[in-house]
J.: 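For reference, the structure I am asking about is given below.
Only this structure's heavy atoms are used, side chains among them; waters, hydrogens and symmetry mates stay out. Since the model is a prediction, treat every value here as computed from it, not as a measurement.
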Amino acid sequence: MSKPKSVSYADSGVHLEALDAVKARIGKAVASTHGPEVLSRHGAFGGLFHLVNLPERDPVLVASVDGVGTKVKVAQMAGRFDGLGHDIVNHCIDDLLVGGARPLFFLDYLASSRMKNEVVEGVVTSIADACKQSGIALLAGETAEMPGVYCEGEFDVVGCIVGVIGKEDIIDGSRIAPGNVLLGLPSTGLHTNGYSLARRVLVDTPGRSLDDPVLGSDISVGEALLAPHKSYFHQIFKWKNNEISINGLSHITGGGYEGNLIRVIPGGCKCIVDTKAWEPLPIFRHLQETGPIEAKEMYRVFNMGIGMIAMIPAEQQAQALELVPEAVVVGRIEAGNGIELTGL
């Protein structure tokens, strides 16, 4: 009888040497985000972050985790992966900002049926770049090949972020009151939500593609859909550092306006959003008309051009707009309950 042929890990679809080579190449990008607070070396089993000399009084750690969703399928179709790193980092930063926290460090997870060098390097180096832009450390990460779990060519990107805030400075919406105004900060596009609907309308329908022009603009559907999620770190902290009283914040992600504003508006307060206060980005008009999609559904699924809403006292409106001139007054808080969208 002949001796059975030896079976390797590579035969089952996992390529350790290739993964190790990619990890070595991205090590420099990861290390570039490390300051003296990072005590671990790249490749360690756990990231070490020294909580020393924090300016926050009575510090509280804040953590959040999220993914990019089906935006990865658009990136895969377009063969563009560098923006996904900004998507996952900035989405997590914005979730942290809602509570007023300052981000400290980030961890990433990238999984696929088969790791491709251009995907891993594009995503991880852009994660590092996004971390540097907000002054946070890319502390640790994981890449995993899982054939049989993911379909051939499929991959996923997930991130976890940890930040800090002084206990007395936590923003939880409890200070929101009638008379507050709503200031909206513009988005760059869909950010990381609503892509299942967007793909069905703009890509999966026969005769339509990522190369189609967006109505009323000079960019393609692919370019508009892959515009990176915006970080509002610098704008929110410009307000905080200049003593603007931010009574509440809402990150407009999955669930749109009603689904996200209701998470921070306290009882006895009615949040009124004037949808005519700003002009939605061309990609949203293109989506609505191409669908067609009803206006109410658009504002229930997408951010429609406003990615973050702050509730501040009306008497600070002029100062807040001077500090962050791109902000737009999009509504107000009145006595009552619930969320109301006008102008639809």
J.: Once you round to the nearest 0.5 Å, how far does CD1 of Ile265 lie from SG of Cys271?
T.: 4.0 Å

J.: Crowded around Glu294 CD? As in, over 12 foreign heavy atoms under 6.0 Å?
T.: no

J.: Quick one: do Arg114 and Glu145 make a salt bridge, cutoff under 4.0 Å?
T.: yes

J.: Give the C-alpha distance, both sets of side-chain angles, the deciding distance and a yes or no for side-chain contact (heavy atoms from CB on, under 4.5 Å) between Leu84 and Val72.
T.: CA-CA 7 Å; Leu84 293 177; Val72 296; 4.2 Å; yes

J.: I want to check something: taking the side chain as every heavy atom from C-beta on, are Asn242 and Phe237 in contact at a cut-off of under 4.5 Å?
T.: no

J.: Report yes or no: does Ser126 contribute a side-chain atom to a donor-acceptor pair with the main-chain N or O of Val123 at less than 3.5 Å?
T.: yes

J.: Return yes if some donor-acceptor pair links the side-chain N/O of Asn90 with the main-chain N/O of Asp87 below 3.5 Å, else return no.
T.: no

J.: Please confirm whether the backbone N or O of Ile309 pairs with a side-chain atom of Ser250, one donor and one acceptor, at under 3.5 Å?
T.: no

J.: Take atom CG in Asn241; do more than 12 heavy atoms of anything else shown fall under 6.0 Å from it?
T.: yes

J.: Look only at the side chain of Asp129 and the backbone of His86, and say whether a donor-acceptor pair between them is shorter than 3.5 Å.
T.: no

J.: Do Ile293 and Val221 share a hydrophobic cluster, counting only Ile, Leu, Val, Met, Phe, Trp and Tyr and linking them when any side-chain heavy atoms are less than 4.5 Å apart?
T.: yes

J.: Given side chains that start at C-beta, do those of Met308 and Asp94 come closer than 4.5 Å, heavy atoms only?
T.: yes

J.: Is there a side-chain contact between Cys269 and Pro178 (heavy atoms, below 4.5 Å)?
T.: yes

J.: Not counting sequence neighbours, which residues clear side-chain contact (heavy atoms from CB on, under 4.5 Å) with Leu39? List them please.
T.: Leu48, His50

J.: Take Lys240 and Ile236, measure what side-chain contact (heavy atoms from CB on, under 4.5 Å) needs, and give me the verdict at the end.
T.: CA-CA 6 Å; Lys240 284 170 63 72; Ile236 296 301; 4.0 Å; yes

J.: Any non-hydrogen side-chain atom of Leu249 less than 4.5 Å from a side-chain atom of Val264?
T.: no

J.: How long is the gap from CZ on Phe81 to NZ on Lys116, to the nearest 0.5 Å?
T.: 7.0 Å

J.: I'd like to know if the side chain of Ser113 reaches the main chain of Cys151, judged simply by a donor and an acceptor atom lying under 3.5 Å from each other, with no hydrogens or angles considered.
T.: yes

J.: Return a table of donor-acceptor pairs under 3.5 angstrom between the side chains of residues 181-188 and protein atoms on other chains or two or more places apart.
T.:
{"residue": "Ser187", "atom": "OG", "partner": "Gly189", "partner atom": "O", "Å": "3.3"}
{"residue": "Ser187", "atom": "OG", "partner": "Asn303", "partner atom": "OD1", "Å": "2.8"}
{"residue": "Thr188", "atom": "OG1", "partner": "His191", "partner atom": "NE2", "Å": "3.4"}
{"residue": "Thr188", "atom": "OG1", "partner": "Pro228", "partner atom": "O", "Å": "2.5"}

J.: Under 3.5 Å, sequence neighbours excluded: what are the donor-acceptor pairs made by side chains of residues 197-208?
T.:
{"residue": "Thr205", "atom": "OG1", "partner": "Arg200", "partner atom": "O", "Å": "2.7"}
{"residue": "Arg208", "atom": "NH1", "partner": "Val201", "partner atom": "O", "Å": "2.8"}

J.: Answer whether the closest heavy-atom distance between the side chains of Arg102 and Ile165 falls below 4.5 Å.
T.: no

J.: Measuring only between side-chain heavy atoms, which start at C-beta, is Ile136 closer than 4.5 Å to Thr33?
T.: no

J.: Show your working on salt bridge (Lys or Arg N to Asp or Glu O under 4.0 Å) between Lys73 and Glu154 and close with a plain yes or no.
T.: CA-CA 8 Å; Lys73 295 187 72 69; Glu154 300 287 340; 3.1 Å; yes

J.: Are the charged groups of Arg285 and Glu279 less than 4.0 angstrom apart, N to O?
T.: yes

J.: When rounded to the nearest 0.5 angstrom, what is the spacing between CG in Asn193 and CG in Asn260?
T.: 8.0 Å

J.: Taking ILVMFWY side chains as joined if any heavy atoms are under 4.5 angstrom apart, and letting links pass through other members, which residues group with Val38?
T.: Phe49, Leu51, Leu54, Leu61, Leu104, Phe105, Leu107, Leu139, Val162, Val164

J.: In Å and rounded to the nearest 0.5 Å, what is the CD to NZ distance from Gln235 to Lys238?
T.: 8.0 Å

J.: Asp274 side chain to Lys276 main-chain N or O, any donor-acceptor pair under 3.5 Å?
T.: yes

J.: Give the intermediate values and the outcome of side-chain contact (heavy atoms from CB on, under 4.5 Å) for residues Val68 and Tyr195.
T.: CA-CA 10 Å; Val68 175; Tyr195 279 84; over 6 Å; no

J.: Looking at Gly179 and Ala314, what are the two nearest heavy atoms and their distance?
T.: O-CB, 3.3 Å

J.: With no hydrogens and no angle check, is any side-chain donor or acceptor of Gln316 less than 3.5 Å from a backbone partner on Glu243?
T.: yes

J.: If you look only at pairs with a residue in residues 307-331, which of them pass as a salt bridge (charged side-chain N to carboxylate O under 4.0 Å, His left out), with sequence neighbours excluded?
T.: none

J.: Keeping the roles fixed (side chain from His286, backbone from Val214), state whether a donor-acceptor pair exists under 3.5 Å.
T.: no

J.: Which donor-acceptor pairs under 3.5 Å do the side chains of residues 327-344 make with protein atoms, sequence neighbours left out?
T.:
{"residue": "Arg332", "atom": "NE", "partner": "Glu334", "partner atom": "OE2", "Å": "2.7"}
{"residue": "Arg332", "atom": "NH2", "partner": "Glu334", "partner atom": "OE2", "Å": "3.2"}
{"residue": "Asn337", "atom": "OD1", "partner": "Gly268", "partner atom": "N", "Å": "2.9"}
{"residue": "Glu340", "atom": "OE1", "partner": "Lys270", "partner atom": "NZ", "Å": "2.8"}
{"residue": "Thr342", "atom": "OG1", "partner": "Val273", "partner atom": "O", "Å": "3.4"}

J.: How long is the span from the CG atom in Leu323 to the CG atom in Leu321, to the nearest 0.5 Å?
T.: 9.0 Å

J.: Report the relative orientation of the aromatic rings in His229 and His251; use parallel for angles under 30°, tilted for 30 to 60°, perpendicular for over 60°.
T.: perpendicular

J.: Give the intermediate values and the outcome of side-chain contact (heavy atoms from CB on, under 4.5 Å) for residues Asp108 and Val124.
T.: CA-CA 8 Å; Asp108 68 285; Val124 177; 4.2 Å; yes

J.: Could you tell me the separation between the CD atom of Glu168 and the CG atom of Asp58, rounded to the nearest 0.5 Å?
T.: 7.5 Å

